[in-house]
Protein chains: 2
Amino acid sequence: MQIASVSDRCYRLPMVDTSAKLNLIDVARAAGVSLATASRALSGAYGVAATTRARVLAAAEEMSYVASPEAARLAGGATGRVAVVVPHISRWFFGTMLEALDSVLREADLDVLLYHVGGLDDRREFFERLPARRKVDAVVVVAFPVEEVERQRLALMGVQIIAAGGQNAVYPYVCIDDAAAARQVMAHLLFLGHRRIAMIEAIDPDQPTRPSGRSSGYYAALREVGIEPDPDLVVTTDWGGEQGAQAMSRLLSIAHPPTAVYAHSDEVAIGAIRTIRRAGLRVPDDISIVGIDDHPLASLIDLTTVRQPVYEQGTTAAHLVLATLRGEVDVERAVVLATELVVRRSTAPPRPDRRTD
Amino acid sequence: MQIASVSDRCYRLPMVDTSAKLNLIDVARAAGVSLATASRALSGAYGVAATTRARVLAAAEEMSYVASPEAARLAGGATGRVAVVVPHISRWFFGTMLEALDSVLREADLDVLLYHVGGLDDRREFFERLPARRKVDAVVVVAFPVEEVERQRLALMGVQIIAAGGQNAVYPYVCIDDAAAARQVMAHLLFLGHRRIAMIEAIDPDQPTRPSGRSSGYYAALREVGIEPDPDLVVTTDWGGEQGAQAMSRLLSIAHPPTAVYAHSDEVAIGAIRTIRRAGLRVPDDISIVGIDDHPLASLIDLTTVRQPVYEQGTTAAHLVLATLRGEVDVERAVVLATELVVRRSTAPPRPDRRTD
DNA sequence: ATCTGCATTGGAAGCGTTTCCGATCGACGG
DNA sequence: CCGTCGATCGGAAACGCTTCCAATGCAGAT
């Protein structure tokens with residue numbers, strides 16, 4: 001198969017020498033206006049005639065002018081950057097969030113400064129030094145419950161803060177309803193006839209954790225149909241596939257194993273499936289399993305799951321940023337996006353001989 | 001399970017108000033020296049008496065002074081930022097690369113500016129506008145074959161450029177030997193006794209593609225043992241799991257199906273496995289399958305693969321950046337990292353009745 | 001026709017550093 | 001004892017932009 005090179009596909013670039021250091025003053029001269037007017041025209045401020053602005057814009061475009069962010073900031077403008085703070089990057093959820101944020105932020109001509117704050121040390125260091133201080137106009141914290149001390153530090157930065165992918169008491173946020181997602185899982189499993197439903201509760205050891213909706217939804221759903229939760233059926237583990245696999249083997253070893261398993265995430269569920277298979281059991285024949293996320297690989301694994309709109313959470317959060325940056329006062333404080341059950345082939349009614357009701 | 005909150009774990013932050021704008025001039029006055037001397041003392045330049053410097057340093061420390069990065073850079077320093085250009089973020093490979101780059105760059109007190117250049121439009125836009133211009137000291141292009149036109153544009157930025165995760169003719173780069181990886185796959189499969197080995201060739205439709213080592217290694221390995229490659233056994237598809245699944249069904253439909261499949265990546269391989277399973281066949285009993293990458297999920301899927309050290313590629317690339325930024329002249333032009341075969345449970349000798357030799 | 005007021009524009013003052021260059025001072029050699 | 005040189009240090013000029021404030025020009029009002 002012959003692949004066309006990029007340049008074959010009518011991909012042409014201007015070859016003007018933009019390295020020649022050209023400043024706003026050059027654009028101003030080219031447009032025949034003063035420095036001040038050029039600045040106003042480009043920043044879109046009021047008080048510039050439409051024709052003048054057009055002329056300046058054209059000149060800037062022509063010369064492919066880019067303002068020096070340093071000078072702009074120093075003179076009292078915005079930095080044109082927003083910090084995105086993530087505890088992980090390589091996991092699908094965070095990567096997708098990043099893509100979404102980047103997409104709309106870039107559209108608005110904002111640069112994204114990436115802050116990977118992984119372990120506890122990173123975290124302390126980040127809030128202690130506040131490396132983003134004086135460098136950004138806003139910060140987005142992704143799936144990152146901010147502690148009170150940290151909130152105080154962040155406040156010192158004097159910029160807008162938005163939370164994405166997690167509920168938050170103090171900042172505008174966008175997330176999903178974890179408890180509702182858990183209920184969707186449970187409703188499906190209960191409907192199929194399962195009674196002994198285990199939960200693999202995943203937590204991030206590096207993050208402070210408040211009681212997760214993904215857990216409370218499980219208990220609530222169970223109680224609603226009159227089933228008393230069995231502590232043996234709940235195992236808590238680190239986030240991640242390998243951990244899911246280990247958790248599953250604990251579940252398999254109890255006296256009265258579950259007929260269905262609800263995992264807090266697809267990755268955990270996938271790990272659990274390996275354990276089940278290795279134990280000579282079949283999914284869903286012997287054990288049903290459900291995850292949450294709708295990770296791209298979930299469909300490849302034929303995993304039943306609850307889809308959460310990650311990309312949309314990201315774009316929504318980014319729009320929140322844009323709105324607060326524009327100084328809009330009536331910014332939405334909380335956006336909760338809907339989740340959706342996706343039934344695939346990892347769930348089925350329990351085997352008759354293992355039903356317990 | 002009760003999770004300790006972050007603050008419980010002896011996590012204490014200073015609560016001084018660092019937002020009080022105090023500038024170098026204040027430090028200078030406190031130390032009883034001039035602005036110029038204070039600057040020199042802090043930047044560690046020569047020409048300052050040891051006692052004077054100590055006095056300035058003490059004053060700065062005392063007031064917990066932080067220089068305004070904007071002002072510092074405007075007056076002529078580096079930006080302290082490096083751009084990382086990636087065609088994808090949410091895929092494991094790129095996320096991991098990003099984490100690795102971020103890790104060492106942050107260590108060196110450099111900020112990373114993320115540029116997601118996905119589709120062809122993004123790409124054109126990026127090289128046309130060069131949004132990173134005047135904003136960074138270096139740029140890292142990740143798994144991104146840079147075209148000649150693009151190279152010329154990049155040159156206009158006047159900064160160092162490093163390539164990570166892909167070979168490159170003009171910039172210092174770090175990558176793996178794709179052809180060698182392919183040979184490792186093939187050696188394993190051939191050793192097991194397979195003769196009809198298919199290849200699912202994955203390409204990124206948005207990236208220009210030169211002949212991939214992952215393909216040439218396949219052909220070379222086959223020819224070396226005297227097997228004439230069968231065009232029917234090679235199917236080219238888009239990168240990704242779903243595409244791998246589709247490719248696999250094409251492979252299953254040919255007159256004389258393969259006994260083993262080599263997929264260019266683990267994700268593609270995982271997709272292929274779904275197809276095989278859905279067709280009522282078993283892995284590895286009926287068909288063996290091997291990927292490349294050692295994606296974290298590969299071990300959960302029990303997929304045999306060739307591991308590439310992604311994180312290490314990232315850190316190495318970052319060190320290349322640091323070295324060139326320090327102005328070192330004898331910077332390594334090319335670093336090729338080793339790959340390693342990881343045998344799991346997706347490969348086995350072909351079934352006797354399907355052997356063709 | 002003259003005046004008021006608004007829309008537009010230019011001049012100029014910073015923003016907080018770095019760094020060039022000249023000034024100062026003590027020490028040294030002649 | 002004086003001239004010269006090197007080590008330090010201070011003054012001041014950038015760096016490239018935003019924005020306050022004053023100036024200009026023109027329309028509509030008087």
Side-chain angles (χ1 to χ4, degrees), chain A residues 18-57 59-60 63-81 109-111 133-137 158 325 327, chain B residues 18-57 59-60 63-81 109 133-137 158:
Chain A
T18 43
S19 68
K21 47 179 220 135
L22 98 193
N23 298 332
L24 185 50
I25 184 69
D26 302 306
V27 174
R29 271 199 270 269
V33 297
S34 77
L35 186 56
T37 302
S39 172
R40 274 186 293 252
L42 289 177
S43 70
Y46 286 114
V48 178
T51 59
T52 311
R53 164 176 345 231
R55 199 144 34 89
V56 174
L57 256 35
M63 313 167 81
S64 65
Y65 162 80
V66 207
S68 154
E70 333 292 349
R73 172 60 169 172
L74 187 56
T79 64
R81 286 176 229 128
D109 220 21
L110 291 170
D111 281 311
R133 199 164 76 234
R134 301 172 98 166
K135 294 183 187 167
V136 297
D137 302 327
L325 247 32
Chain B
T18 43
S19 64
K21 47 176 222 139
L22 100 191
N23 299 332
L24 184 50
I25 184 69
D26 302 307
V27 175
R29 271 198 270 268
V33 298
S34 77
L35 186 57
T37 303
S39 172
R40 273 186 294 251
L42 288 176
S43 70
Y46 286 113
V48 179
T51 59
T52 311
R53 159 169 339 194
R55 200 145 32 88
V56 174
L57 254 35
M63 314 167 79
S64 70
Y65 162 80
V66 198
S68 155
E70 323 297 343
R73 273 134 209 177
L74 215 213
T79 66
R81 283 176 232 127
D109 220 21
R133 201 164 79 235
R134 295 178 103 174
K135 296 183 186 167
V136 297
D137 301 327

With a 4.0 Å cutoff (strictly under), does any side-chain N or O of B:Y65 reach OP1 or OP2 of C:dG16?
no

Just how far, in rounded Å, is P of D:dC15 from CG of B:L74?
10 Å

Can you name the nearest heavy-atom pair linking A:M63 to A:A30, along with the distance?
SD-CB, 3.9 Å

Between the protein and nucleotides 4-6 of chain D, list every N/O to N/O distance that falls short of 3.5 Å.
none

Between C1' on D:dC15 and CG on A:D26, what's the gap in Å once rounded to a whole number?
14 Å

Can you tell me how far apart CG (A:N23) and CZ (A:R29) are? Round to the nearest 0.5 Å.
9.5 Å

Specify the separation, in whole Å, of atom CG of B:N23 and atom C1' of C:dG14.
13 Å

Check every atom of D:dG16, C:dT8, C:dT17 against the side chain of A:T52 and return the nucleotide holding the closest atom.
C:dT8

For the residue pair A:L24 and A:L42, establish whether any side-chain heavy-atom pair is separated by less than 4.5 Å.
yes

Residue whose nearest DNA chain D nucleotide is more 5′ - A:E70 or B:R53
B:R53

Distance in angstrom units between B:L24 CG and D:dC15 P, rounded:
20 Å

Check the interface with nucleotides 10-12 of chain D: list each N/O to N/O pair with the protein under 3.5 Å, or write none.
| unit_1 | atom_1 | unit_2 | atom_2 | d |
| --- | --- | --- | --- | --- |
| D:dG10 | OP2 | B:S34 | N | 2.9 |
| D:dG10 | OP2 | B:S34 | OG | 3.0 |
| D:dG10 | OP2 | B:T37 | OG1 | 2.7 |
| D:dG10 | N7 | B:R40 | NH2 | 2.9 |
| D:dG10 | O6 | B:R40 | NH1 | 3.1 |
| D:dG10 | O6 | B:R40 | NH2 | 3.3 |

Taking NZ from A:K135 and P from C:dG16, how many angstroms apart are they, rounded to a whole number?
17 Å

A:R81 side chain near B:R81 side chain, heavy-atom distance below 4.5 Å
yes

Nearest heavy-atom approach of B:A78 to B:D137 is CB-OD2, 3.2 Å

Non-hydrogen atoms of A:R133 and B:V66 that approach each other most closely:
NH2-CG2, 2.7 Å

Backbone N or O of A:T79 within a donor-acceptor pair of the A:R73 side chain at under 3.5 Å?
no

Check whether any side-chain heavy atom of B:L57 sits under 4.5 Å from a side-chain heavy atom of B:R53, and report yes or no.
yes

Establish, with yes or no, whether the OP1 or OP2 oxygen of C:dT17 is under 4.0 angstrom from a side-chain nitrogen or oxygen of B:S39.
no

Heavy atoms only: give me the nearest A:P69-B:E70 pair and the separation to one decimal.
O-OE1, 4.4 Å

Round to a whole Å and report the spacing from CG of B:L22 to C1' of C:dC15.
15 Å

Straight-line distance of B:S68 OG to B:L22 CG, nearest 0.5 Å:
12.0 Å

With a 4.5 Å cut-off on side-chain heavy atoms, are A:L325 and A:L110 touching?
yes

Nearest whole angstrom, please: distance from the P of D:dG16 to the CZ of B:R134.
7 Å

Looking at CG of A:D111 and NZ of B:K135, how far apart are the two atoms once the value is rounded to the nearest 0.5 Å?
3.5 Å

Where the side chain of A:A75 is concerned, which of C:dT9, D:dC15, C:dC15 is the nearest nucleotide?
C:dC15

From CZ of B:R73 over to C1' of C:dT18, roughly how many Å is that when rounded to an integer?
13 Å

So for the helix from C:dA1-D:dT30 to C:dG30-D:dC1, with five pairs setting each end axis, what is the inter-axis angle to 10°?
50°

